[in-house]
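Report on one structure; see the data block that follows.
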Protein chains: 2
Amino acid sequence: MSRRRQSVTIRHVAADAGVSLQTVSRVINKEAGVRPEMQQRVQASIEKLGYVPSLAAQRMSGSRSYLILALNDRERTISDWQKREGGDWVGQMMLGGCTACAEHGYRMIVELIDTNSANIERELAGAIAALQPDGAILTPPHSQNQDILDYLHKAGIKIARIGSQTPGPGFCITMDDEGGARRATEHLLTLGHRRIGFIAGPEDYELSAWRVAGWKAAMAAAGLPTDDLLVTGDFTYASGLEAARNLLDHARPSAIIASNDQMAIASLAVVRGRGQSVPQDLSIVSFDDTPIIRYATPPITAVAQPIAAATEKAARLIIAACASNAKGDSSELEMANVASDLVLRESTRAVKN
Amino acid sequence: MSRRRQSVTIRHVAADAGVSLQTVSRVINKEAGVRPEMQQRVQASIEKLGYVPSLAAQRMSGSRSYLILALNDRERTISDWQKREGGDWVGQMMLGGCTACAEHGYRMIVELIDTNSANIERELAGAIAALQPDGAILTPPHSQNQDILDYLHKAGIKIARIGSQTPGPGFCITMDDEGGARRATEHLLTLGHRRIGFIAGPEDYELSAWRVAGWKAAMAAAGLPTDDLLVTGDFTYASGLEAARNLLDHARPSAIIASNDQMAIASLAVVRGRGQSVPQDLSIVSFDDTPIIRYATPPITAVAQPIAAATEKAARLIIAACASNAKGDSSELEMANVASDLVLRESTRAVKN
DNA sequence: GTGAAAGCGCTAACAA
DNA sequence: TTGTTAGCGCTTTCAC
């Protein structure tokens with residue numbers, strides 16, 4: 001029991017089908033140049049014996065590892081898990097990632113990396129050396145971290161970056177932040193709102209600027225000014241409180257778009273605290289659509305961040321790159337954008353007379 | 001680039017330290033019988049070169065794979081992710097599992113398996129053959145599935161079963177269901193409640209019975225009857241509605257304990273629907289403590305299911321078993337129980353005069 | 001189109 | 001206590 005071995009190996013299949021190991025290997029890897037007849041014979045043996053290749057052995061002999069790393073920020077992820085407030089970023093990644101991976105025999109492994117650590121590279125190097133993944137899916141803030149990008153690139157690992165367009169190696173997948181902000185703003189404009197305040201996210205997140213841009217574009221298209229309607233938070237509840245107060249005190253908006261759910265919830269609390277109500281006195285639109293805002297009173301209209309779709313796309317790009325890489329052509333930098341959705345709930349309403 | 005190789009191998013370390021491969025291997029695996037002097041020399045080379053062993057190679061040569069599978073029910077898990085209602089079972093597993101795994105160089109891979117499928121064994125066999133994990137952590141309903149247990153046992157894979165005490169191979173980790181139910185009941189008793197209704201979970205979940213047992217024990221200790229106070233649901237919201245109506249119509253309880261959050265939320269809705277309120281007219285206690293009940297109005301008092309702690313324990317047991325297994329002693333069946341917590345919120349109050 | 005040989009990085013068994 | 005050898009299961013050469 002101590003020394004476990006593969007029960008059915010390529011050798012058994014080869015023997016059963018009466019062919020060489022190499023032919024079996026070719027069939028497994030769907031390589032061209034095998035007679036259909038052989039191909040079928042081998043396939044039959046594989047099914048009959050229930051053969052499944054060992055990832056370890058495949059990786060050992062210099063081919064793919066069929067492993068994709070999902071690199072997330074440790075502190076943020078652990079904190080989300082510990083709070084148990086419904087933050088489901090990683091869950092959504094798994095949902096999208098597993099879907100794509102399962103179709104091609106890949107696995108996704110969640111790996112947490114410290115952002116603010118001197119040994120960020122040591123941690124990463126350890127994971128890479130141990131697992132030798134074929135690709136890595138990066139999420140903010142890692143997706144714009146040059147050190148990480150360089151390291152992965154040099155190691156020959158396919159990169160898919162979610163939520164970043166910073167120049168660098170790998171695919172970039174954006175989640176339609178600008179479009180989402182635009183649609184949210186247009187939704188409010190349609191409801192007659194003219195003074196639409198915007199609480200931006202911190203500048204070190206690239207998507208903060210994209211969201212602001214979408215809002216500004218929609219406002220400009222409607223010929224409306226945005227001068228005093230923009231305040232900046234840092235994605236925390238506390239910053240949302242301050243931003244909302246600021247906005248309500250000085251800009252007198254009839255609607256507020258917050259750049260994430262925490263700040264939207266905070267805005268809701270501020271309005272409440274002033275004896276007013278949502279959506280009667282103020283409309284609120286949020287960003288991200290994590291579970292928390294479904295349970296707010298009222299449930300908040302939000303731009304849903306398509307994390308699952310983005311991760312699925314990321315995985316597919318990596319898998320495709322691995323496949324084509326084998327055939328020799330080098331992967332080009334590619335941009336992809338997955339659509340976000342505006343989910344209408346009860347926090348938006350036509351502006352008061 | 002196509003053919004990636006380990007950049008630093010055991011060979012480099014051996015050369016750098018001027019020892020044999022085997023000595024390096026011994027140091028890596030912390031085997032006894034290496035002179036401290038050598039040990040340090042090798043260790044220094046390892047650090048200097050940034051060497052990290054390849055899991056694939058380690059597994060290939062017949063030792064551990066350092067991989068632990070977290071086997072979950074596919075349908076349930078995917079559904080939780082898609083609904084985005086805050087169900088955080090897998091997240092909690094990762095939280096606990098990663099903690100334990102990280103300390104010993106293991107990784108946890110989430111693998112979804114269909115419960116109601118003829119090819120349940122095929123799916124499992126595929127995952128086992130591909131990954132050759134050292135252990136598997138099973139959650140209900142898999143943790144009481146004899147086919148799965150047998151298959152894993154025969155494959156020599158260490159098993160940790162969460163939420164099951166059905167006889168069979170592997171460690172059993174329970175989450176203090178009975179104790180939690182008892183404490184919840186005692187809490188209500190302390191508040192003066194005498195008629196405490198209980199909505200049980202479906203019988204095919206072992207923990208359903210444990211929860212009922214805890215409630216019965218506490219009631220019995222207080223000399224109270226439970227005859228007409230027990231109804232059974234199936235963990236769905238709909239079944240919760242029916243169960244609560246049933247209870248309120250016939251048993252006239254002043255408090256209800258629901259065996260999970262969905263049914264607790266449903267009970268809350270029923271009370272509301274009858275123009276009454278919680279906790280003024282009825283106290284409610286829930287089980288599991290998923291995010292959803294934090295956002296209920298009022299937030300619901302609940303027995304928190306310690307999934308993270310249970311998974312951590314499971315991973316530790318498996319890792320320890322792998323280590324001792326190497327030394328030859330066979331692992332005995334072992335039971336573990338991780339404590340659950342009663343989280344007091346606003347849905348419980350002293351009984352009306 | 002197919003097969004035989006070599007080797008990936010590591011550990012188990014043995015020898016020294 | 002340390003080193004040597006063989007081989008894990010697979011893919012990559014390179015022959016045929």
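By convention in this document, chain letters (A, B, ...) are assigned in the order of the sequence lines, proteins followed by strands, and residues within each chain are numbered from 1.
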For nucleotides 14-16 of chain C, print each protein N/O atom paired with a nucleotide N/O atom at under 3.5 Å, atom names and distance only.
none

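- Phosphate contact (OP1/OP2 of D:dC10, side-chain N/O of A:S25, threshold under 4.0 Å): absent.
- Looking at residues two or more places apart in sequence or on another chain, you find no salt bridge (charged side-chain N to carboxylate O under 4.0 Å, His left out) involving A:E31.
- One finds a side-chain N or O of B:S20 lying less than 4.0 angstrom from the OP1 or OP2 phosphate oxygen of D:dG3.
- Between B:I157 and the options B:P133, B:S65, B:P169, a side-chain contact (heavy atoms from CB on, under 4.5 Å) holds for only B:P133.
- Rounded to whole Å, the distance from CG on A:N29 to C1' on D:dT11 is 8 Å.
- In the region residues 11-19 of chain A, proximity to DNA chain C at under 4.0 angstrom, judged on heavy atoms, holds for A:V19.
- Taking 4.0 angstrom as the limit, B:S61 places none of its side-chain polar atoms (N or O) nearer than this to OP1 or OP2 of C:dG9.
- The stretch residues 36-63 of chain A participates, sequence neighbours left out, in no ring-ring contact (aromatic ring centres under 6.0 Å, His included) pair at all.
- Across A:D73, A:L71, A:V90, A:T77, a single residue satisfies side-chain contact (heavy atoms from CB on, under 4.5 Å) together with A:L112, and that is A:T77.
- For the salt bridge (Lys or Arg N to Asp or Glu O under 4.0 Å) condition, the pairs that include at least one residue of residues 7-29 of chain A, sequence neighbours left out, are A:D16-A:K48.
- Residue order along DNA chain D, read from the 5' end via each residue's closest nucleotide, puts B:M38 first among A:S7 and B:M38.
- Residues meeting the salt bridge (charged side-chain N to carboxylate O under 4.0 Å, His left out) test with A:R74, sequence neighbours left out: A:D114, A:E123.
- In this structure, CD of B:Q22 is placed 13 Å from P of D:dT5, rounded to the nearest angstrom.
- Every residue two or more places apart in sequence or in another chain was checked for a salt bridge (charged side-chain N to carboxylate O under 4.0 Å, His left out) with A:E47, and none qualifies.
- Distance, A:L21 CG to D:dA15 P: 19 Å, rounded to whole Å.
- Whole-Å rounding puts the B:R59 CZ to C:dC8 C1' distance at 16 Å.
- With sequence neighbours left out, the side chain to side chain contact (heavy atoms under 4.5 Å, CB included) criterion links B:I319 to B:I68, B:H104, B:Y106.
- When rounded to the nearest whole Å, the span between CD of A:E31 and P of C:dT2 equals 12 Å.
- Sorted by first then second residue, the salt bridge (Lys or Arg N to Asp or Glu O under 4.0 Å) pairs that include residues 308-319 of chain A, not counting sequence neighbours, are A:E103-A:R316, A:E312-A:R316.
- Taking atom CE of A:M60 as the reference point, atom P of D:dT11 lies 13 Å away to the nearest angstrom.
- Between the CD atom of B:Q6 and the C1' atom of C:dT11 there is a distance of 15 Å, given to the nearest Å.
- Under the ring-ring contact (aromatic ring centres under 6.0 Å, His included) criterion, no residue pair touches residues 127-150 of chain B, with sequence neighbours excluded.
- At the heavy-atom level, A:Q58 lies under 4.0 Å from the strands shown only through sugar-phosphate atoms.
- Applying the 6.0 Å contact sphere to CD of A:Q39 captures more than 12 heavy atoms from other residues, nucleotides or ligands.
- At the phosphate of C:dT2, OP1 or OP2 sits under 4.0 Å from a side-chain N or O atom of A:R35.
- Residues passing the salt bridge (charged side-chain N to carboxylate O under 4.0 Å, His left out) test with A:R35 are A:E37, sequence neighbours excluded.
- A heavy atom closer than 4.0 Å to some atom of DNA chain D occurs in A:Y51, A:P53, A:S54, these being the qualifying members of residues 41-55 of chain A.
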